Every structure is written in structure tokens, then in C-alpha cells.
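Report on one structure; see the data block that follows.
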Amino acid sequence: MPHTSSVQIARALLADASRILVLTGAGISAESGVPTFRGPGGLWKSHRPETLATPEAFGRDPRLVWEWYAWRRALVSRCRPNAAHHALAALAHARDGVRIVTQNVDGLHGEAARERAVRDGTASVEPIELHGSLFRVRCTQCAHEYAHRAPVDASSPECLPTCARCGALLRPAVVWFGEALDPTLLDAAWRHARASAVCLVVGTSGVVQPAASLAEVTRAAGGAVIEINPDETPLTPIATVSLRGTAVELVPAVCPGG
Ligand code: NAD
Ligand code: ZN
């Protein structure tokens, strides 16, 4: 656990900020049981994620890529939002000007937001999911995109899920390595980063662009950066406050009202 004074400084920065951008990565969901790509359990059948989460891998062997996504979807379906997701959902519901931008595709911020909205009797404040969702699919032909939570059978190419509209092969609606992010989402995140007094970065290795640049955008515009991560990252040098520890230990501790 970091020194209490750094926790207090982070908490005071967040309490005073009229606008906050929260940028999260795989580390925030690690304590919910979702493996990170770069930590233990990140490999699947000895494949590296960088070789599976690409359009080329899907073009070569859609069955293999779907088998990996079927495994990830089944794993994530058993996971629940943790205290860090809940503390951030509470902050975003309590205060205007707080935006959660996530690189995660596990849907856990959205679940925490909907639980909070039910508890408060308000509308849900949804996160910006920059890299899409494991539980959405997109048609490889007509580009129709929709929610899809049913288990996927990837035992043979003939079993793979097909489009409800045109019958062509579906793919996960996630942004793969080498693909562009949705420009509307990216623009919204960028504008919020520029206008924020604080960027709170939780559980991201800071190596996947352009998401990692959001913290730099806030810093360059004169805002503060608070980093929560058990390890140093490439974002550590620009952090105003770096807190070494886990998301569940530290996020509720720095969230005003938490
Ligand atoms: P990453 O796997 O590269 O890095 C995870 C980071 O989390 C590391 O810096 C690690 O030190 C930190 N971390 C580990 N345990 C933590 C904890 N308990 N609390 C706080 N931090 C902890 O993840 P990334 O930076 O998000 O980039 C990887 C890419 O992979 C992203 O594009 C993301 O979409 C995808 N991904 C998503 C999920 C998910 O949806 N949960 C899981 C794995 C990968
Ligand atoms: Zn279609």
C-alpha cells in the first residue's frame, strides 16, 4: 500500500476536479478473475494474443480465432465487477463531468453502471468502450452489428455464428491489433481528456495506442495524471501521483465519497 499522503493527494485532486477522465485497462478487471494479456494466464493454448487478435489471423483461420473468443466470453461471463468498477460507477453517477473510457472488452464497467443506476433509480452512465465488446458481433459482409451473448460453438468452420440479416460469417465486434478505433468514440474521449483537470489511469500497461495518449492529452492541457498500477509503466514519468498497488485496494480509497 503506498504512503497515505499520496493517497490523500490523489483523493483531493479528484475531489476538486470539475472534469475527470478515467482511463482503464485490463488490470482493473484482474481482481474480477479476467486475465490480462501481459500477466499470468494471458496466454491461451500457448498462442500470444497479438497473433490471434488480428484481421489476418481471422482471415487465415476464423475457427481458431472464434474458439479463443468463445473461451474468453465463457470465462468473462462468470466474472463480476469488483470494488474498483463499483467505486468508479458511483463517482460517474454522483458527479457530472466524470467519463470512464476503457480499453477493456469485458463489459464490467457497463455492468457496474447499470447496477448503480438501478440502485439510484437513475439512467445508467455508460462507459466509452474504445476497443468494443466481447459480447457484440459484426457481420463480415453487411457490417450489421449487434449484441450476442449466447455461447459460440467453434468446433468446426460450419458451426461458426452467422449474420441474422444476410447469413455471412460474424466476427467479434472488438478492435483488433492494426485496426482503427471508432473515430466518434475516439473524438469524444479526446475532447474529454483535453478538458479534464484529472486523468485517472487504472491498470493499463500504457503501451496500446492511441488509448495511452489520452493521459498525455490531459497532462499537456495542464491537468494532473494519477496512475494506479502495481508496476511502473511508460505513463509513470508523466504521472503527477503514482500509486503502486491494485485497483481494488486503491480505487475506492481515492474516489471521493468512496
Ligand atoms: P495489459 O494486459 O497490457 O496490462 C495490464 C496492466 O494492468 C499492467 O500494467 C499490470 O501491471 C496492471 N495490473 C495487473 N494487475 C492489476 C491490478 N490488480 N490492479 C491494477 N493494475 C493491475 O492491458 P492493457 O493496457 O489494457 O492493454 C491490453 C489490450 O488488451 C487492451 O487493448 C484491451 O482491450 C485488451 N484486453 C482486455 C481485457 C479485458 O477486457 N478485461 C483483458 C486482456 C486484454
Ligand atoms: Zn450480414
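Order of appearance sets the numbers: ligands from 1, and atoms from 1 within every ligand. Predicted, not measured: the structure shown is a model, and the values here were computed from it. Reckoned from all heavy atoms, side chains included, excluding hydrogens, waters and symmetry mates.
Within the 4.0 Å heavy-atom shell around ligand 1 one finds N229. Residue G42 places every heavy atom at 4.0 Å or more from ligand 1.
Atoms of ligand 1 found under 4.0 Å from any heavy atom of A26 (numbered from 1 in listed order, with element): 2 (O), 23 (O), 24 (P), 26 (O), 38 (C), 42 (C), 43 (C), 44 (C). Near P230, with a cut-off below 4.0 Å to any heavy atom, the atoms of ligand 1 are 13 (N), 16 (C), 20 (C), 21 (N), 22 (C).
Of all the heavy atoms of A211, none lies under 4.0 Å from any atom of ligand 1, so neither backbone nor side chain is involved. Contact annotation: for D106 versus ligand 1, heavy atoms closer than 4.0 Å belong to both the backbone and the side chain.
Looking at ligand 1, you'll find an N or O of F37 within less than 3.5 Å of one of its N or O atoms. Considering both main-chain and side-chain atoms, T246 never comes within under 3.5 Å of ligand 1 through any nitrogen or oxygen pair.
In the candidate list L235, L75, V105, L23, V105 is nearest to atom 40 (O) of ligand 1, counting heavy atoms. Taking each of E227, H131, E129 in turn, the one with a heavy atom nearest to atom 32 (O) of ligand 1 proves to be H131. Taking all heavy atoms of R72, Q103, E31 into account, the minimum distance to atom 34 (O) of ligand 1 is reached by Q103.
The Zn ion (ligand 2) lies under 2.8 Å from an N, O or S atom belonging to C142.
H93 and T122 share no side-chain donor-acceptor pair at under 3.5 Å.
With hydrogens and angles disregarded, a donor-acceptor distance shorter than 3.5 Å links the side chain of R219 to the backbone of I238.
In summary, E126 and R114 engage in a salt bridge, as defined by a charged side-chain N under 4.0 Å from a carboxylate O. Residues E50 and R38 are paired through a salt bridge, judged by an N-O separation under 4.0 Å between the basic side chain and the carboxylate. Under a 4.0 Å N-O distance rule, the pair E67/R63 qualifies as a salt bridge. The existence of a salt bridge linking R136 and E129 is excluded, since no basic side-chain nitrogen approaches an acidic carboxylate oxygen closer than 4.0 Å.
Looking from atom 15 (N) of ligand 1 to the surrounding protein, the closest heavy atom is A30 CB, 3.8 Å.
Annotation for S242 and T236: closest pair OG-CG2, 3.5 Å, computed over non-hydrogen atoms.
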